[in-house]
Amino acid sequence: MNKPLRINFELERADNPPLYDELARFPKGGRRVNRLRTLAHAGLLAQTAPALSDFPSTPTSKVSPETAAMSVASSELFGPSVDI
């Protein structure tokens, strides 16, 4: 069984203003941790998205169709806003 990964870090606004401002919107605790988890997951998907873009043409890929579909859905969730 995998052990949980615990991370304790300090972030000053000067280090990364957009990230600091986003996380500061949430009170300490679960909401902030969940937002950081979501942002980290979205960042990971953004880094691996080029590998998923050719998924259908790569039959030996270890990415399942379900994972590829979830990646596309997650990427769309964090895409640019829609102007109405």
Side-chain angles (χ1 to χ4, degrees):
M1 181 186 289
N2 293 331
K3 294 182 181 180
L5 178 64
R6 297 186 186 273
I7 299 173
N8 184 14
F9 70 96
E10 290 184 19
L11 177 67
E12 294 184 18
R13 189 169 195 286
D15 296 334
N16 189 329
L19 179 60
Y20 181 91
D21 292 343
E22 179 66 22
L23 294 176
R25 292 181 0 179
F26 300 94
K28 294 180 182 180
R31 287 183 179 174
R32 187 177 287 176
V33 169
N34 286 335
R35 184 62 181 149
L36 181 59
R37 182 180 297 131
T38 300
L39 292 171
H41 182 72
L44 182 60
L45 287 176
Q47 287 184 343
T48 59
L52 293 176
S53 65
D54 63 345
F55 173 74
S57 63
T58 312
T60 59
S61 174
K62 295 182 191 253
V63 178
S64 71
E66 293 82 12
T67 301
M70 286 190 304
S71 175
V72 171
S74 294
S75 296
E76 289 176 3
L77 177 66
F78 295 102
S81 61
V82 177
D83 293 329
I84 297 177

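All of these numbers come straight from a predicted model, not from anything done at the bench. Residues take their numbers from the sequence shown, with the count starting at 1. FYI, side chains are in, hydrogens and waters are out, and symmetry mates aren't considered; it's all heavy atoms of this structure.
The cluster map of Ile, Leu, Val, Met, Phe, Trp and Tyr, joined by side-chain heavy atoms under 4.5 Å apart, puts Ile7 and Leu11 in the same cluster.
Looking at Arg32, its side chain does come within 3.5 Å of a backbone N or O of Phe26 through a donor-acceptor pair.
Of the candidates Leu19, Leu44, Asn34, Leu39 forms a side-chain contact (heavy atoms from CB on, under 4.5 Å) with just one, namely Leu19.
In this structure the side chain of Asp15 never reaches within 4.5 angstrom of the side chain of Phe9, judged on heavy atoms.
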